[in-house]
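What follows is a short report on a single structure.
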Amino acid sequence: MKYALVTGGSRGLGRAVCAKFAQMGLPIVINYRSNDEAAQETLEMVKSYGVECELLKFDVANPEAVEKAIAEWDAAHPDDYISVLVNNAGIRQDNLMVFMNEKQWHEVLDTTMNGFFYITRRLLKNMISKRYGRIINMTSLSGIKGLPGQTNYSSAKAALIGATKALAQEVASRKITVNAVAPGFIETDMTKDLDVDMLKKLVPMGRFGKPEEVAEVVGFLASEASSYITGEVISINGGLYT
Ligand code: NDP
């Protein structure tokens, strides 16, 4: 059986992606780092669609934890493999560069960039041998345009775009596609501290996006229907110029 793994799948955009995959009938592995209650809620939501689902708690930025979790999952699923990977786990720790400390810099890059590396490298082995895979990376408007106060986050998300394009070319012949989606401002916990009234004036559509509007695109990129699209970055931002 083919499974989809959604990192940071317990809340926000990741949860909406899990709901979309559940509607598509795709068995799901939900990764998260610490919030057990949110993960349990997402698990129950997915199961309500009658779809196989399980939780896999680990920190994507910790290479030993990634290896252990995936090795255990593989051992428990000898006849299954993870054919769809959504690298969605991410954090924000905004500060002006001049005031940014090393922790803020490293934690953001470790989660987005190193997390992408550890988990993707591990799951690629099976995708290559099975000659099929879908990898979708959650980047951001911030990684395309750069946003002040986010040199750490913009760097991490821009790196993810470079990695998407490079890896897409490495594995295209194995029928593995690698794409990125770049949301603008989306209503989740991550953006709840922002000045919505001020920021939505910048968006031609005059509003923040909904997680489901991002999940629709991820669902398409995860499906077999997207077979000739790879190395692309799809913006989902209500018309914000990037
Ligand atoms: P949320 O803060 O709502 O959710 C983040 C999710 O990531 C949670 O499930 C969290 O798990 C998980 N997570 C965080 N760090 C780790 C880690 N080290 N290991 C495993 N899981 C982790 O964020 P959003 O849903 O808003 O964002 C999801 C992705 O989309 C991020 O990559 C973000 O950068 C990107 N994005 C978001 C935008 C927005 O406007 N919201 C815009 C553009 C991009 P737990 O709860 O257990 O900590």
Side-chain angles (χ1 to χ4, degrees), residues 5-20 28-43 45-46 55-66 68-70 85-94 103 106-120 136-147 150 152-161 163-164 180-196 199-200 202-203 207-215 217-218 233-238 240 242:
L5 169 62
V6 183
T7 70
S10 57
R11 291 188 289 119
L13 294 180
R15 176 182 283 180
V17 168
C18 289
K20 179 67 197 170
I28 305 169
V29 183
I30 301 172
N31 156 259
Y32 68 107
R33 184 182 44 180
S34 54
N35 187 334
D36 298 315
E37 200 182 325
Q40 197 58 40
E41 278 172 25
T42 307
L43 176 78
M45 177 272 293
V46 169
L55 301 177
L56 208 54
K57 181 179 182 178
F58 62 88
D59 178 352
V60 294
N62 178 333
E64 291 83 29
V66 170
K68 183 169 178 287
I70 302 298
L85 167 62
V86 184
N87 285 303
N88 166 77
I91 54 168
R92 252 183 65 208
Q93 289 193 25
D94 297 355
K103 188 168 175 284
H106 287 295
E107 283 185 1
V108 169
L109 272 87
D110 280 353
T111 306
T112 290
M113 231 172 66
N114 296 342
F116 156 82
F117 172 64
Y118 299 136
I119 189 114
T120 307
I136 299 117
N137 298 321
M138 197 63 79
T139 177
S140 167
L141 169 82
S142 186
I144 299 175
K145 183 188 173 293
L147 289 176
Q150 293 198 323
N152 51 358
Y153 186 85
S154 295
S155 302
K157 296 300 191 183
L160 205 49
I161 291 174
T164 299
V181 293
F185 296 112
I186 311 294
E187 289 168 4
T188 68
D189 291 344
M190 188 179 270
T191 51
K192 69 182 178 198
D193 63 326
L194 300 181
D195 185 343
V196 179
L199 290 170
K200 73 183 184 187
L202 305 173
V203 183
R207 64 176 178 86
F208 275 26
K210 299 195 178 311
E212 296 73 27
E213 293 175 307
V214 176
V217 181
V218 176
V233 183
I234 301 180
S235 286
I236 307 166
N237 59 27
L240 251 184
T242 50

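All values derive from a computational prediction rather than experimental measurement. When a ligand or atom number is given, it counts from 1 through the structure's own listing order.
Side chains of N87 and T120: a donor on one and an acceptor on the other come within 3.5 Å.
Using a 4.0 Å heavy-atom criterion, the residues that approach ligand 1 are G8, S10, R11, G12, L13, N31, Y32, R33, S34, N35, F58, D59, V60, N88, A89, G90, I91, T111, M138, T139, S140, Y153, K157, P183, G184, F185, I186, T188, D189, M190, T191.
The closest donor-acceptor contact from the side chain of N152 to the backbone of Q93 lies under 3.5 Å.
Annotation for A156 and M113: closest pair O-CG, 4.3 Å, computed over non-hydrogen atoms. Closest of all the heavy-atom pairs between G90 and M190 is O-CE, 3.4 Å. Summarising the geometry of G143 relative to A158, their closest heavy-atom pair is O-CB, 3.4 Å, with the distance given to 0.1 Å.
Residues passing the side chain to side chain contact (heavy atoms under 4.5 Å, CB included) test with A69, sequence neighbours excluded: L56, F58.
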